[in-house]
Amino acid sequence: MLVLSRKIGERILVPNCELAVTVLAVDGKAVRLGISAPRDIGVYREEVWQQLCQETHGPQPNVRSQHSDF
């Protein structure tokens, strides 16, 4: 896992898939992020992705690892 520090207004880029994550605001422990990606690349909150996978593939064991597979 790559861990980066960013200030409000700064971005993280993933050029090979044209993805950009911008820090919009920080309020206590909450961070607001803006994500720019091409329309053909899905971007999901983890809990939404897990729900979609469960609906598609049935219940999965709740195993969390340090490395996430998107």
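- Cluster annotation: I35 is not connected to Y44 through the hydrophobic network of ILVMFWY side chains, with a link wherever side-chain heavy atoms come within less than 4.5 Å.
- In this structure, E10 contributes its side chain and K7 its backbone to a donor-acceptor pair below 3.5 Å.
- V21 and V43 fall within the same hydrophobic cluster, defined by Ile, Leu, Val, Met, Phe, Trp and Tyr side-chain heavy atoms under 4.5 Å apart, directly or through other members.
- Minimum interatomic distance between V26 and I8 (heavy atoms only, all atoms of both residues): N-CD1, 4.0 Å.
- By the 4.5 Å heavy-atom criterion applied to side chains, L24 and L33 are not counted as neighbours.
- Residues R6 and R11 approach most closely at NH1-O, 3.3 Å, considering heavy atoms.
- Residues Q51 and E47 bring no donor and acceptor atom of their side chains to less than 3.5 Å of each other.
- Atoms SG and CG, from C17 and D40 in turn, are 10.0 Å apart once rounded to the nearest 0.5 Å.
- Note that the CG atom of L13 and the OG1 atom of T22 stand 8.0 Å from one another [nearest 0.5 Å].
- Heavy-atom neighbours of E18 CD from other residues, nucleotides or ligands within 6.0 Å: at or below the threshold of 12.
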